[in-house]
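Working notes, structure below.
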Amino acid sequence: MDKIRYELEFPLTSSPQLLYQYISTPSGLSEWFANNVNSRGEFFTFIWDGSEEKARLSSKKSGEKVKFRWIDEDNKDTDFYFELRILEDEITKDVSLMITDYAQEDDLEEARLLWENQISDLKHVIGSV
């Protein structure tokens, strides 16, 4: 079954610089995204309750976005990635986090709920209520 691409946007009370630390570093990501995150160079290992997924940091722009491409057992890129992009309104200075991810159609609702839970954890960590 093919996965479909979807986007979610979450408003956050944070500076883009602070938020970037939480989306681009293993220590930042392990506070809200996964139980533990390890990195070796551009390769990141995300650990959730005993399961591990590996991804390659395929692109980043400081203070703005990171894109992780999932890799297979041979460290080869797959077709799927997730991207975390910080948006800042030039006038209001409102900040939001735009998430691009993939899920199978049957799992779309569950995937959205998972992101909502993770973003809720992120808000707690950065003190954005």
Side-chain angles (χ1 to χ4, degrees):
M1 191 184 283
D2 285 340
K3 290 186 177 184
I4 51 176
R5 183 174 175 266
Y6 66 95
E7 288 190 338
L8 302 170
E9 186 175 346
F10 296 96
L12 295 166
T13 310
S14 170
S15 72
Q17 293 74 21
L18 175 69
L19 193 49
Y20 187 74
Q21 295 305 309
Y22 283 99
I23 68 171
S24 63
T25 65
S27 59
L29 285 160
S30 62
E31 289 205 46
W32 68 278
F33 183 71
N35 299 125
N36 201 358
V37 181
N38 300 314
S39 70
R40 184 167 291 143
E42 62 182 359
F43 294 100
F44 281 62
T45 304
F46 299 97
I47 301 157
W48 291 276
D49 300 325
S51 76
E52 274 190 17
E53 295 285 337
K54 291 192 173 166
R56 183 174 66 79
L57 181 58
S58 63
S59 69
K60 68 176 181 178
K61 193 167 180 186
S62 190
E64 215 169 289
K65 69 175 183 173
V66 289
K67 182 175 182 177
F68 291 96
R69 186 166 291 279
W70 297 111
I71 55 175
D72 62 20
E73 307 79 54
D74 303 319
N75 286 349
K76 299 275 187 286
D77 287 358
T78 66
D79 293 338
F80 306 108
Y81 66 86
F82 69 98
E83 184 181 71
L84 305 170
R85 202 162 70 242
I86 300 166
L87 306 175
E88 183 179 21
D89 186 292
E90 288 178 19
I91 298 163
T92 63
K93 297 295 180 204
D94 288 345
V95 172
S96 60
L97 189 61
M98 178 72 84
I99 292 156
T100 304
D101 199 1
Y102 289 81
Q104 292 181 342
E105 204 164 346
D106 298 350
D107 299 334
L108 205 52
E109 196 50 41
E110 193 179 324
R112 286 177 190 206
L113 287 171
L114 189 61
W115 275 113
E116 283 175 17
N117 287 336
Q118 287 171 307
I119 296 298
S120 171
D121 290 347
L122 174 61
K123 285 181 176 179
H124 184 73
V125 167
I126 62 178
S128 164
V129 182

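- For the atom pair NZ (K93) and CD (E90), the distance works out to 7.0 Å, reported to the nearest 0.5 Å.
- Taking the side chain as every heavy atom from C-beta outward, K60 and K67 never approach each other to under 4.5 Å.
- The distance from atom CD of E83 to atom CG of L97, rounded to the nearest 0.5 Å, is 10.0 Å.
- A ring-ring contact (aromatic ring centres under 6.0 Å, His included) with W70 holds for exactly one of F43, Y102, F46, F80; it is F46.
- Contact detail for K123 and P11: the closest heavy-atom pair is CE-O, 3.4 Å.
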If you look only at distance, which donor and acceptor atoms sit under 3.5 Å apart when one is on a side chain in residues 20-31 and the other is two or more places apart or in another chain?
unit_1: S24; atom_1: OG; unit_2: Y20; atom_2: O; d: 2.6
unit_1: T25; atom_1: OG1; unit_2: Q21; atom_2: O; d: 2.7
unit_1: T25; atom_1: OG1; unit_2: G28; atom_2: N; d: 3.0
unit_1: S30; atom_1: OG; unit_2: P26; atom_2: O; d: 3.1
unit_1: S30; atom_1: OG; unit_2: S27; atom_2: O; d: 3.0

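- The two residues I4 and E105 make their nearest non-hydrogen contact at CD1-CG, 4.0 Å.
- Under the 3.5 Å distance criterion, the side-chain polar atoms of D89 are matched with a main-chain donor or acceptor of T92.
- Side chain of D72 to main chain of D74: a donor-acceptor pair is present (N/O by atom type, distance under 3.5 Å, no hydrogens or angles).
- Summarising the geometry, atom CG belonging to L122 is positioned 7.5 Å from atom OG belonging to S128; distances are rounded to the nearest 0.5 Å.
- Among residue pairs with one or both ends in residues 48-59, those qualifying as salt bridge (Lys or Arg N to Asp or Glu O under 4.0 Å) are E42-R56, R56-D77; sequence neighbours excluded.
- For the atom pair S51 OG and N35 CG, the distance stands at 8.5 Å (nearest 0.5 Å).
- For the salt bridge (Lys or Arg N to Asp or Glu O under 4.0 Å) condition, the pairs that include at least one residue of residues 5-19, sequence neighbours left out, are R5-E7.
- Checked by atom type and distance alone, the side chain of T100 never pairs as donor or acceptor with a backbone atom of F82 at under 3.5 Å.
- For the pair W32 and H124, the minimum side-chain heavy-atom distance is 4.5 Å or more.
- Shortest non-hydrogen contact noted between I126 and S14 is CD1-CB, 3.7 Å.
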>> Using side chain to side chain contact (heavy atoms under 4.5 Å, CB included), reason through N38 and I47 one step at a time and then give a plain yes or no.
In response: CA-CA 8 Å; N38 300 314; I47 301 157; 3.6 Å; yes
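- Note that the CD atom of E88 and the CD atom of E64 stand 10.0 Å from one another [nearest 0.5 Å].
- Residues satisfying the ring pair (Phe, Tyr, Trp, His ring centres under 6.0 Å) criterion with F44, sequence neighbours excluded, are F68.
- Put simply, L18 and V66 are part of the same group of oily side chains (I, L, V, M, F, W, Y) that touch within less than 4.5 Å, one to the next.
- The hydrophobic cluster around M98 extends to L87, counting ILVMFWY residues whose side-chain heavy atoms fall within less than 4.5 Å of a member.
- Considering only heavy atoms from C-beta on, R112 comes within 4.5 Å of L8 through its side chain.
- When the side chains of ILVMFWY residues are joined at heavy-atom separations under 4.5 Å, either directly or via intervening members, W48 and L114 end up in two distinct hydrophobic clusters.
- Not counting sequence neighbours, the partners of W115 by the ring pair (Phe, Tyr, Trp, His ring centres under 6.0 Å) test are F33.
- Using a 4.5 Å cut-off on side-chain heavy atoms (C-beta onward), L12 and I119 make contact.
- If you take CZ on R85 and CD1 on I99, they are separated by 10.5 Å, rounding to the nearest 0.5 Å.
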